[in-house]
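Read the structure below first, then the notes.
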Amino acid sequence: MAHEFNRREMIVAAGAAASLTTLAGLMPSRAAASGPKEAGKGTYTHMLPPLPYPEDALEPVLDRQTVNIHYSKHYAGYINGLNATIQKLAQARSSGDFSAIKALSRDLAFHGSGVVLHAIYFDSLGPKAGGVPGGKLGERINKDFGSFDTFWKQFCAASKAVEASGWGVLAWEPFSRCLMVMQAEKHQDLTSWGAMPILVCDVWEHAYYLKYQNRRDEYVDNFIRIVDWQKVGDRFDKVAAVAPEKR
Ligand code: MN3
C-alpha cells in the first residue's frame, strides 16, 4: 500500500538524491517508475511502489503478515526517513547551517541504503521462483564462483553470519568486473564502493521473526524457494551493460 506524503515531505533536495538516481539501472522497474520524482526545480521525492505480487504470494516461506508489515511499515519507514533527511539537507544548504551534517550524512546513508536494498529485495522475490539462474547471470556465476551450488553456499553462509541486523548481498562490482558476495551490517556498513547489489537477503529480524523466531538459518535456507531468477538476471544484464570497461 502506498505511503502518503504531505507537501512538506514532498520537498526534497536534488544533491543528495543524485547519488541514488545513479542506481537507476539496478532498481526494479516499478520502483524506478515510482521514485525519485522531480517535485520542482532541484527537488525530488521517493515513493513506495506497489508490491509486485499479492502479500500471500510468498507463502509458505514468508507469511502474509510478515510481508505486509515488512513492506508497508518497515520499507515505507525507510522511504519516509530518506525523504525527511534529504529535506533537512536542503534546509541546511539554504540556511548555511551545517552543524548537524554528521548525523544527517549518517541518516542519508542508512535510509538511502535501506530504500535501495528493500526495493531490490521485494523485486527479486515472487511466486514464479525456484530453479537456478540461466542466461548471462548463470554464466557469470559459474565463472566467478565455479558453480551455482558453490555460489549459493557462500551467499547463505554470508547471510546467516551477518552480525546483528543486516543483509546478505550478491553484487556486481564494476571496477573489477566480477560478482561478489558481501555482507551489509545495518544497511550501509561493509560495502565496497561502486558495488551494485542485484540480489539481497534481508536478515533483520523483522524479515522473518514472526514465522521463524530465532531460526535465521532456517529462513535463509528457505530463501531460495522465493527467488525469481528471471528478475535477478534482468537486473544483472542492466548493471553489467552500464558498467565501465575494465582498466
Ligand atoms: Mn527489512
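Along the sequence shown, residues carry numbers from 1.
Counting only distance, with no hydrogens or angles, the side chain of His118 and the backbone of Gly114 share a donor-acceptor pair below 3.5 Å. Side-chain N or O atoms of Asp56 include none that pairs as donor or acceptor with a backbone N or O of Arg64 at under 3.5 Å. Not a single donor-acceptor pair under 3.5 Å links the side chain of Glu55 to the backbone N or O of Val67. Looking at Gln213, its side chain never comes within 3.5 Å of a backbone N or O of Arg215 through a donor-acceptor pair. Between the side chain of Asp228 and the main chain of Gly126, no donor-acceptor pair closer than 3.5 Å is present. Here the side chain of Arg140 pairs no donor or acceptor atom with the backbone of Ala240 at under 3.5 angstrom.
The 12-atom threshold is exceeded at NZ of Lys231, counting heavy atoms of other residues, nucleotides or ligands nearer than 6.0 Å.
Shown here for Tyr75 and Pro49, the closest heavy-atom pair between the two residues is OH-CD, 3.7 Å. Here the closest heavy-atom approach between residue Phe155 and residue Leu170 is recorded as CE1-N, 3.6 Å. Considering every non-hydrogen atom in both Thr150 and Ser147, the closest pair reads OG1-OG, 2.9 Å. Nearest approach of Lys211 to Thr66, heavy atoms of both residues: N-OG1, 4.5 Å. Pro127 and Leu58 get closest at one heavy-atom pair: N-CD2, 4.5 Å. Across Ala76 and Leu48, no two heavy atoms sit closer than the pair CB-CD2, 4.0 Å.
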Could you check Gln91 against Gln87 for side-chain contact (heavy atoms from CB on, under 4.5 Å), going step by step and ending with a plain yes or no? CA-CA 6 Å; Gln91 291 170 344; Gln87 181 189 356; 3.4 Å; yes

Working for side-chain contact (heavy atoms from CB on, under 4.5 Å), residues Lys160 and Asp221: CA-CA 9 Å; Lys160 293 173 182 178; Asp221 286 337; 2.8 Å; yes

Criterion side-chain contact (heavy atoms from CB on, under 4.5 Å) on Ile141 and Trp152, from CA distance to verdict: CA-CA 10 Å; Ile141 286 174; Trp152 194 252; over 6 Å; no

What do the steps show when you test Ser99 against Asp97 for side chain to side chain donor-acceptor pair (under 3.5 Å), and what is the final call? CA-CA 6 Å; Ser99 58; Asp97 178 4; 2.8 Å; yes

So Tyr219 and Leu62, side-chain contact (heavy atoms from CB on, under 4.5 Å) or not? Walk me through it. CA-CA 9 Å; Tyr219 156 67; Leu62 288 177; 3.9 Å; yes

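Side-chain contact between Leu137 and Ile198 is present, with heavy atoms from C-beta onward closer than 4.5 Å. At a threshold of 4.5 Å between non-hydrogen side-chain atoms, the residues Val220 and Tyr208 do not count as touching. The shortest distance between side-chain heavy atoms of Tyr209 and Arg216 does not fall below 4.5 Å. Taking 4.5 Å as the limit, some side-chain heavy atom of Leu179 sits within range of a side-chain heavy atom of Phe236. Side-chain contact between Val181 and Phe151 is present, with heavy atoms from C-beta onward closer than 4.5 Å. Between Pro60 and Arg225, some side-chain heavy-atom pair lies under the 4.5 Å cut-off. Side chains of Leu89 and Ile101 form a contact here, defined as non-hydrogen atoms less than 4.5 Å apart.
Separating the OG1 atom in Thr191 from the CG atom in Leu117 is a distance of 8.5 Å, to the nearest 0.5 Å. Put simply, OG on Ser113 and NZ on Lys186 are 10.5 Å apart, with the number rounded to the nearest 0.5 Å. Atom CG of Asp123 is separated from atom CG of Leu199 by 11.0 Å, given to the nearest 0.5 angstrom. Between Thr85 atom OG1 and Asn80 atom CG the span is 9.5 Å, to the nearest 0.5 Å. Distance check, rounded to the nearest 0.5 Å: CD of Gln65 to CG of Asn68 gives 7.5 Å. How far CD of Gln154 is from CG of Asp144: 10.5 Å, rounded to the nearest 0.5 Å.
Under the 4.5 Å side-chain contact rule for hydrophobic residues, Ile69 and Leu125 do not share a cluster. No continuous path of ILVMFWY side-chain contacts below 4.5 Å connects Phe223 to Leu210, so the two sit in separate hydrophobic clusters. The cluster map of Ile, Leu, Val, Met, Phe, Trp and Tyr, joined by side-chain heavy atoms under 4.5 Å apart, puts Met182 and Leu190 in different clusters.
Residues His187 and Trp204 bring their aromatic ring centres within 6.0 Å.
With 3.5 Å as the limit, one finds no donor-acceptor pair spanning the side chains of Glu218 and Asn222.
Using cut-offs of 30° and 60° on the angle between ring planes, the pair His70 and Phe122 is perpendicular.
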